Amino acid sequence: MNKAIGILEVSIAKALSELYSISNAPIPIQKTRNEFEGDYTLTTFAYTKETKKKPEDLGNEIGNYLVKNNSNISAFNVVKGFLNISFNDAYWCNYLSAVVSEKYTGFKKQNSSGRTVLLEYSSPNTNKPLHLGHIRNNLLGWSVAEILKANGHKVIKTNIVNDRGIHICKSMLAWQKWGNGETPSSSGIKGDHLVGKYYVEFDKAFKKEINELVEKGLNKEEAEKKAPLIIEAQEMLQKWEKGDTEVKELWKTMNSWVYAGFDVTYKTLGVEFDNIYYESETYIKGKDIVTDGLAKGVFVKKEDGSVRIDLTADGLDEKVVLRADGTSVYITQDLGTAVLRFNDFPDLSQAIYTVGNEQEYHFKVLFLILDKLGYKWAKECYHLSYGMVELPEGKMKSREGTVVDADDLLEEMFATSKQTTAELGKVEGFSDAELEELYRTIGLGALKYFMLKVDPKKKMLFNPKESIDFNGHTGPFIQYTHARIKSILRKANEQNIPVIVSKDLNQINSLERDLIKFIYEFEHTVEESGATYSPALIANFVYELTKTFSRYYHDHSILKEENETVKQFRLALIEQCAHIISNGMHLLGIKVPEKM
RNA sequence: GGUCCCGUAGCUCAGCUGGAUAGAGCACAAGUUUUCUAAACUUGCGGUCCUUGGUUCGAUUCCAAGCGGGAUCACCA
């Protein structure tokens with residue numbers, strides 16, 4: 001809740017009541033647009049009917065009332081039906097003065113909301129390395145988790161590793177057939193990439209078989225079911241579910257390669273998990289639930305042996321929850337995982353699934369089935385759905401090799417940041433280790449900001465031919481601005497200049513006023529981004545603040561200001577700006593350097 | 001075909017529960033540095049907010065239809 005708006009609402013309500021005997025009318029307040037004088041604007045059109053007055057007259061009358069009756073309000077102006085209201089400088093200075101020593105302005109106290117939220121993100125398959133789509137998922141999940149924490153919730157970051165299923169068997173089978181015992185250490189290939197290589201090889205051979213069958217006269221659908229390779233993979237899956245030692249051993253070995261690879265990528269990306277679930281463990285629970293559901297009559301067993309649920313009455317379709325051969329499908333595992341989680345964390349207020357929007361139907365079905373099974377918490381499950389990352393030629397297809405590999409992209413970002421930094425030549429006095437860290441910070445800053453500034457719900461475009469920018473509306477620009485502020489603060493500290501807002505200060509300029517308002521509004525943006533699960537709101541807010549600061553920096557000197565009171569105030573102001581930038585970027589998982 | 005999402009400047013994106021002359025960045029053109037870091041700042045160029053209706057004092061925003069693009073409706077995950 002924005003306090004200034006609250007104050008205004010109360011005063012305006014009184015004005016309406018005293019001047020026109022209007023009560024309970026809506027009070028539409030918005031921020032005053034930049035080109036007009038004022039902080040907040042009331043639109044007065046809505047009151048013309050009841051009062052039979054012109055909007056301009058209403059504006060003037062209400063404005064006069066406010067200035068007379070509210071000591072925080074110093075001025076107003078009226079443009080047509082818009083009453084632009086200004087709070088006085090003292091109001092804004094008092095605000096800054098109140099938060100001057102705070103480091104986490106706008107954040108709620110840790111765990112103060114009493115809510116515990118489990119947030120799942122990443123959710124990789126162990127048959128291929130991570131790509132750009134996973135990067136969006138990881139960054140989004142991490143960021144939303146941090147935003148929810150800043151809103152006072154307790155957050156459990158979790159990962160569900162899809163480590164079993166037919167797709168894993170494909171990689172395993174291909175390796176068995178054509179691998180010649182190749183391992184990450186023998187080949188020097190990162191484990192997840194090595195396994196991914198065999199997944200691609202399976203697919204190539206599989207497609208070849210399909211084509212051969214089609215030439216022999218089968219239609220494509222039949223061919224896809226009858227190709228020897230897929231039948232072999234299915235047999236392997238059955239063996240796996242029966243606990244065949246040889247298959248399990250191979251599975252364990254190959255998965256361990258993948259995990260070692262993922263760990264490297266996660267570490268580079270800077271994401272972590274509080275706990276990790278494996279579907280190889282949760283699918284059994286899923287099968288139990290299907291058995292229970294059968295007994296309860298929620299599910300039905302068909303003649304062919306498959307278990308299904310009819311959701312047509314809910315506008316959905318019939319859904320298989322267990323295959324005819326008794327093996328589990330995707331949703332079986334998800335049922336098991338969900339129940340396990342709420343068993344493991346009985347005080348969960350909410351479970352959030354960070355998964356792409358192509359699975360919206362799946363989650364609709366999943367949550368509905370959980371509800372029908374009688375789990376009260378089913379309505380607390382939320383699908384944090386985000387748009388796909390697309391290339392200029394369309395969707396990325398891992399089987400067609402058109403994916404942007406996560407590791408490659410990260411390396412590219414680091415190389416670019418190194419090159420750019422070298423060209424600008426401002427890193428005198430940095431040690432090699434500091435330089436290395438700076439390159440990573442800036443490269444990651446560019447990538448993360450690029451991905452998080454876009455509304456998560458929308459699909460986003462990535463053009464590999466155009467490298468991610470380091471100028472303009474970008475992470476590095478924000479990082480750079482932070483470094484500039486820190487540089488001034490270091491110098492002020494060396495000169496022992498106090499950082500305080502004096503009561504003697506009687507005037508601030510309009511950019512200073514704007515900056516204080518940014519600090520003031522950060523809290524609201526944190527709440528809003530938490531309520532809408534949108535890091536983009538934070539990203540765009542921080543950019544606007546940074547841009548305003550840059551103009552201020554350009555137009556007004558801080559350390560050369562002659563008036564000591566003003567200088568100290570300015571230091572206090574920019575220190576808070578640095579905090580907001582730093583904290584805002586933290587919510588995006590982006591570090592900000594002290595120097596760059 | 002059913003359901004859902006999207007359509008804003010040449011490109012990538014903002015635009016909060018309906019409000020003023022629709023904003024940024026990139027690209028393009030021009031300018032700013034003996035002054036706290038030029039990864040910056042300033043100016044210019046650039047728009048049928050997909051189309052047509054409707055609701056409203058007021059619609060990029062809400063509703064309907066149409067056009068265009070995408071996702072999904074698997075015993076894949």
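Order of the sequence lines fixes the chain letters, A, B, ..., with proteins taken first and strands second; residue numbering starts at 1 for each chain. Just so it is clear, the structure is predicted and the values come from calculations on it, not from any experiment.
- For A14(B), there is no paired base (Watson-Crick or G-U wobble, both distances below 3.5 Å).
- An aromatic stacking contact links Phe45(A) with the base of G19(B), defined here by ring centres under 5.5 Å apart and ring planes under 30° from parallel.
- Between Arg33(A) and G23(B) there is a side-chain polar atom (N or O) within less than 4.0 angstrom of OP1 or OP2.
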Give the table of side-chain donor-acceptor pairs shorter than 3.5 Å for residues 324-332 of chain A, with sequence neighbours excluded, one pair per line with atom names and distance.
| unit_1 | atom_1 | unit_2 | atom_2 | d |
| --- | --- | --- | --- | --- |
| Asp325(A) | OD1 | Thr327(A) | N | 3.0 |
| Asp325(A) | OD1 | Thr327(A) | OG1 | 2.7 |
| Asp325(A) | OD2 | Gln238(A) | NE2 | 3.1 |
| Thr327(A) | OG1 | Arg323(A) | NH1 | 2.9 |
| Ser328(A) | OG | Arg164(A) | NH2 | 3.1 |
| Tyr330(A) | OH | Gln359(A) | OE1 | 2.6 |
| Thr332(A) | OG1 | Val321(A) | O | 2.6 |
| Thr332(A) | OG1 | Val329(A) | N | 2.9 |
| Thr332(A) | OG1 | Val329(A) | O | 3.1 |

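- For the pair Lys567(A) (side chain) and Ile497(A) (backbone), a donor-acceptor distance under 3.5 Å is absent.
- A donor-acceptor pair under 3.5 Å is formed between the side chain of Thr354(A) and the backbone N or O of Glu120(A).
- Residue Thr532(A) is classed as having no contact, given no heavy-atom separation below 4.0 Å to the nucleic acid.
- Side-chain N or O atoms of Thr44(A) include one that pairs as donor or acceptor with a backbone N or O of Gly81(A) at under 3.5 Å.
- Both thresholds, 5.5 Å between centres and 30° between ring planes, are not jointly met by Phe477(A) relative to the base of A40(B), so the two rings are not stacked.
- Residue Arg551(A) has a polar side-chain atom (N or O) positioned under 4.0 Å from OP1 or OP2 of U42(B).
- Contact between the side-chain N/O atoms of Lys459(A) and the OP1/OP2 oxygens of G69(B) is not found at any separation under 4.0 Å.
- Along RNA chain B, the nucleotide closest to Asn77(A) and the one closest to Asp317(A) are compared, and the more 5′ of them pairs with Asn77(A).
- Judged by distance alone, the side chain of Arg570(A) and the main-chain N or O of Glu561(A) form no donor-acceptor pair under 3.5 Å.
- Here Ser487(A) reaches the OP1 or OP2 of U37(B): one of its side-chain N or O atoms lies under 4.0 Å away.
- Among the atoms of the strands shown, none is found under 4.0 Å from any heavy atom of Gln479(A).
- Here Lys453(A) does not reach the OP1 or OP2 of U12(B): none of its side-chain N or O atoms lies under 4.0 Å away.
- Here U60(B) sits opposite no nucleotide as a Watson-Crick or G-U wobble pair (both hydrogen-bonding atom distances under 3.5 Å).
- Regarding contacts with the backbone of C36(B), every side-chain N or O of Arg490(A) stays at 4.0 angstrom or more from both OP1 and OP2.
- Side-chain atoms of Asn34(A) stay outside donor-acceptor range of the base of A20(B), with no qualifying N/O pair under 3.5 Å.
- Distances shorter than 4.0 Å separate none of the side-chain N or O atoms of Lys364(A) from OP1 or OP2 on C4(B).
- For Asn84(A), counting side-chain heavy atoms from C-beta on, the closest listed nucleotide (A20(B), C36(B), A24(B)) is A20(B).
- Of the candidate nucleotides C16(B), A14(B), G70(B), G70(B) has the atom lying nearest to any side-chain atom of Glu390(A).
- Residue order along RNA chain B, read from the 5' end via each residue's closest nucleotide, puts Thr32(A) first among Ile478(A) and Thr32(A).
- For C11(B), the OP1/OP2 oxygens have no side-chain nitrogen or oxygen of Asn463(A) closer than 4.0 Å.
- Between the base of A40(B) and the side chain of Thr481(A) there is no donor-acceptor pair shorter than 3.5 Å.
- Residue Gln30(A) places its side chain closer to G19(B) than to any other of C13(B), G19(B), A24(B).
- Contact annotation for Tyr361(A): backbone-only contact, meaning every heavy-atom pair under 4.0 Å involves sugar-phosphate atoms and none involves a base.
- For A20(B), the base is stacked against the aromatic ring of Phe82(A), per a cut-off of 5.5 Å between centres and 30° between planes.
- Checked against the 6.0 Å centroid criterion, the rings of Tyr20(A) and Tyr47(A) do not qualify as a close aromatic pair.
- The same atom, C1', is picked in A59(B) and in G54(B); the two are 11 Å apart, to the nearest Å.
- Nucleic acid contact class of Phe450(A) (heavy atoms, under 4.0 Å, all strands): none.
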